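Reading through the structure tokens given below for one structure.
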Amino acid sequence: MSEILHLWAVAPAAIGTCCLAADRARVRPPEVVAAAVMLLAMVDAAAFGVVAPVYWTALLLAAALGLAIWRRPRQRRAPRVPALMTLHTTLGMVVMAGLQLAMGGHATASDHTHGLSPTPLLAAAAIGYGVLSVTAMRRMPARLDRAQIGAMAVSVGLMAVAMV
């Protein structure tokens, strides 16, 4: 069942990536690259498994950090992107990275686990991300921005449900 939910999470991620790429009023290559990296990580984890989840997690965290640095508030050389949109995208990449890592490690009945499970923390992060997404959707004036935020929130929500 979790594999099916994971595959279904790819569809909203693809829609969100298309919404970013289709926004001709504000060309935002860093955000499109970030969305494409998330989409590739999800497709690989859901269907192919070519790259280990730990490497996707590292790449997603590095891309989130890079996007946050690229879109820092006092930047003059780039088009104006709402800070809430950058915050939403970078936090989405961090939550997605955690979900990728948690979903990548499938334990068998004979495996031993030590320490606390990351599942409650990741579920709380996904819920918090959903609340942030609803808030962000209400504040964004552009329809494509609202669609991208909503699609990303649905994708993270489906991955969180698949993790459980």
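Just so you know, these numbers use all the heavy atoms, side chains as well, and skip hydrogens, waters and symmetry mates. Bear in mind that the values here come from a model prediction, so they are computed numbers and not experimental data.
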### Summary
Between the CG atom in Asp44 and the OH atom in Tyr55, the distance rounded to the nearest 0.5 Å is 13.0 Å
### Query
Where is the tightest heavy-atom contact between Ile149 and Ser133, given as atom of each residue plus distance?
CG2-O, 3.5 Å
### Message
Quick check against the 3.5 Å criterion: does Thr90 have a side-chain atom that pairs as donor or acceptor with the backbone of Leu87?
### Response
yes
### Task
Decide yes or no for Leu132 and Leu84: does some side-chain heavy atom of the first lie under 4.5 Å from some side-chain heavy atom of the second?
yes
### Test item: Asp145 side-chain N/O and Met140 main-chain N/O as donor-acceptor pair under 3.5 Å
no
### Summary
Output for pair (Leu101 CG, Leu61 CG), nearest 0.5 Å, gives 9.0 Å
#### Entry: side-chain contact (heavy atoms from CB on, under 4.5 Å) against Leu39, all qualifying residues, sequence neighbours excluded
Val10, Ala13, Ala14, Thr17, Val43
#### Entry: Stepwise side-chain contact (heavy atoms from CB on, under 4.5 Å) check, Met85 with Glu31
CA-CA 9 Å; Met85 190 70 157; Glu31 285 80 6; 5.5 Å; no
### Message
Please check: side-chain N/O of Thr57 versus main-chain N/O of Pro53, any donor-acceptor pairing under 3.5 Å?
### Response
yes
### Task
Please report the C-alpha distance between Met152 and Met38 in whole Å, then the side-chain angles of each, then the deciding distance to 0.1 Å, and finally whether the side-chain contact (heavy atoms from CB on, under 4.5 Å) criterion is met.
CA-CA 10 Å; Met152 197 165 164; Met38 283 189 282; 3.2 Å; yes
### Query
Could you walk me through whether Leu99 and Val156 pass the side-chain contact (heavy atoms from CB on, under 4.5 Å) check?
CA-CA 8 Å; Leu99 291 170; Val156 167; 4.0 Å; yes
### Message
Tell me whether Arg146 contacts the main-chain N or O of Arg138 through its side chain, where contact means a donor paired with an acceptor under 3.5 Å.
### Response
no
### For the student: nearest non-hydrogen atoms of Ala34 and Met93, plus distance
CB-SD, 3.6 Å
### Task
Taking all heavy atoms of Gln100 and all of Ala41, pick out the closest pair and write down the distance.
NE2-O, 2.9 Å
### Task
Could you tell me whether the side chain of Tyr129 and the main chain of Ala124 form a donor-acceptor pair under 3.5 Å?
no
### Message
Looking at every non-hydrogen atom in both residues, tell me the closest pair between Gln148 and Gly16 and how far apart they are.
### Response
CG-O, 3.3 Å
### Query
Do the side chains of Leu67 and Thr89 get nearer than 4.5 Å, heavy atoms only?
yes
